[in-house]
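Below, chain A is the first sequence line, B the second, and so on; all start at residue 1.
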There are 2 protein chains.
Amino acid sequence: MPDLPPGPASVHNVLMNHTGFLISRMGLVAAKQFGERLESLGLTTRMWGALNVLASEGEITQHALCKSIGMDPSSMVSTIDELEAMGLVERRRHPTDRRAHALHVTEAGMETLARGREIARTAQEELLAPLNDEEREQLHALLLRLAMATRKEPLAVAPR
Amino acid sequence: MPDLPPGPASVHNVLMNHTGFLISRMGLVAAKQFGERLESLGLTTRMWGALNVLASEGEITQHALCKSIGMDPSSMVSTIDELEAMGLVERRRHPTDRRAHALHVTEAGMETLARGREIARTAQEELLAPLNDEEREQLHALLLRLAMATRKEPLAVAPR
DNA sequence: TATTGTTATACTCTATAACTATA
DNA sequence: TATAGTTATAGAGTATAACAATA
């Protein structure tokens, strides 16, 4: 009885035949690699996702942000807490609804966001290194069509 | 101030521009959909991954199985416990090493595996529904090249 | 009566370290 | 001294329910 299977460890050929497994697997790798790079900014993938959407939407409520990225409201509290503690986001008064906050991205938040986007480019370059430009566009287009079909799935930005 | 961003909820346009995000996102969707379907067999994605590799490798040790799918040995214990409780796998005596087990897939295990593969086909059909056959092959080939480049990453079969 | 944000809680998944019995 | 399997434990990450303030 062979004690170890032949070939490099960690992923088995049998599983590689399934596209769904490959997507799941590469999704974990991508999230992990990006998350490790984001640590240099003191950000998690969840914080980055929230900051990113917030900057593009302007001042919105936590509730709206939750719906926008599919995060649970109770999880959003701690995410915004962390961003606020770092001075990247402020909870400002909502002009009309005294229950709600108007989430505001600070100047420091915009700077961190810019550096995060640079990191995202680097991480993407690392992830897609085996592919040329045309192939990268192909992959993106194919994934985008899949994503558009499952847009309503209430999944958070990052796996962990 | 707009209370909700325009368009359908749960995933934001800004994030859709990143291939890494799309892969991560679709990986979660794929794993979730497959996991829900596997419940009908009483299996988790982890159990299915272990059973699948085990059947293709014959009788190997838990240690070898761990290396083969990138699962932690301590997590493997409960995974095999569950498979054994369902009568799909047996811990048999290793012929030469009294510390180790020879993991054996039972006949019931092979039958469950066959049904699992049918479920995998169905789930894949659902996931890749927006793509035609040629596009599915393209996507698979592109992901496979990425996966081969990161084969050594010690990540488990399924995110949760 | 419903909604926003918050807190407390529980549950899952995973990783770490220590332990045993063998090698 | 190292290895296979196990156990116990702790740490993320997430989901659920209840709550106060306000609509």
Peer 1: Have a look at Thr44(A) and say if it touches a base, only the backbone sugar-phosphate, or nothing, with a 4.0 Å heavy-atom cut-off.
Peer 2: nothing
Peer 1: Taking only residues two or more places apart in sequence, or in another chain, which ones meet Thr122(A) in a side chain to side chain contact (heavy atoms under 4.5 Å, CB included)?
Peer 2: Arg37(A), Glu118(A)
Peer 1: What residues, two or more places apart in sequence or in another chain, satisfy side chain to side chain contact (heavy atoms under 4.5 Å, CB included) together with Asp133(B)?
Peer 2: Arg136(B)
Peer 1: What is the distance from CZ of Arg98(A) to C1' of dT3(C), rounded to the nearest Å?
Peer 2: 16 Å
Peer 1: Which residues pass the side chain to side chain contact (heavy atoms under 4.5 Å, CB included) test with Arg115(B), not counting sequence neighbours?
Peer 2: Leu41(B), Glu111(B), Thr112(B)
Peer 1: dC13(C) C1' sits how many Å from Leu28(B) CG, rounded?
Peer 2: 14 Å
Peer 1: On DNA chain D, nearest-nucleotide positions of Asp97(A) versus Ser78(A): which is more 5'?
Peer 2: Ser78(A)
Peer 1: Take the protein atom NE2 of His94(A) and the nucleotide atom C1' of dA23(D), then report the distance between them rounded to whole Å.
Peer 2: 12 Å
Peer 1: In whole angstrom, give the distance that lies between atom CG of Asp72(B) and atom P of dT12(C).
Peer 2: 19 Å
Peer 1: Does atom CD (Glu107(B)) have a neighbourhood of more than 12 heavy atoms from anything else shown, all under 6.0 Å?
Peer 2: no
Peer 1: Rounded to the nearest angstrom, tell me the gap between atom CZ in Arg93(A) and atom C1' in dT4(C).
Peer 2: 15 Å
Peer 1: So which protein N/O to nucleotides 5-10 of chain D N/O distances come out below 3.5 Å?
Peer 2:
residue : atom : partner   : partner atom : Å
dG5(D)  : OP1  : Gln62(B)  : N            : 3.0
dG5(D)  : OP1  : His101(B) : N            : 3.1
dG5(D)  : OP2  : Gln62(B)  : N            : 3.3
dG5(D)  : OP2  : His63(B)  : N            : 2.4
dT6(D)  : OP1  : Arg91(B)  : NE           : 3.1
dT6(D)  : OP2  : Gln62(B)  : OE1          : 2.9
dT6(D)  : OP2  : Gln62(B)  : NE2          : 2.9
dT6(D)  : OP2  : Arg91(B)  : NH2          : 3.1

Peer 1: Could you tell me the separation between the CG atom of Leu65(B) and the C1' atom of dA4(D), rounded to a whole number of Å?
Peer 2: 13 Å
Peer 1: Could you tell me which residues satisfy side chain to side chain donor-acceptor pair (under 3.5 Å) with Ser74(B), sequence neighbours excluded, listed by chain and number?
Peer 2: Asp72(B)
Peer 1: Round to a whole Å and report the spacing from NZ of Lys67(A) to P of dT3(C).
Peer 2: 10 Å
Peer 1: Is there any salt bridge (charged side-chain N to carboxylate O under 4.0 Å, His left out) pair reaching into residues 76-85 of chain A, and which pairs are they, with sequence neighbours excluded?
Peer 2: Asp81(A)-Arg91(A), Glu84(A)-Arg91(A)
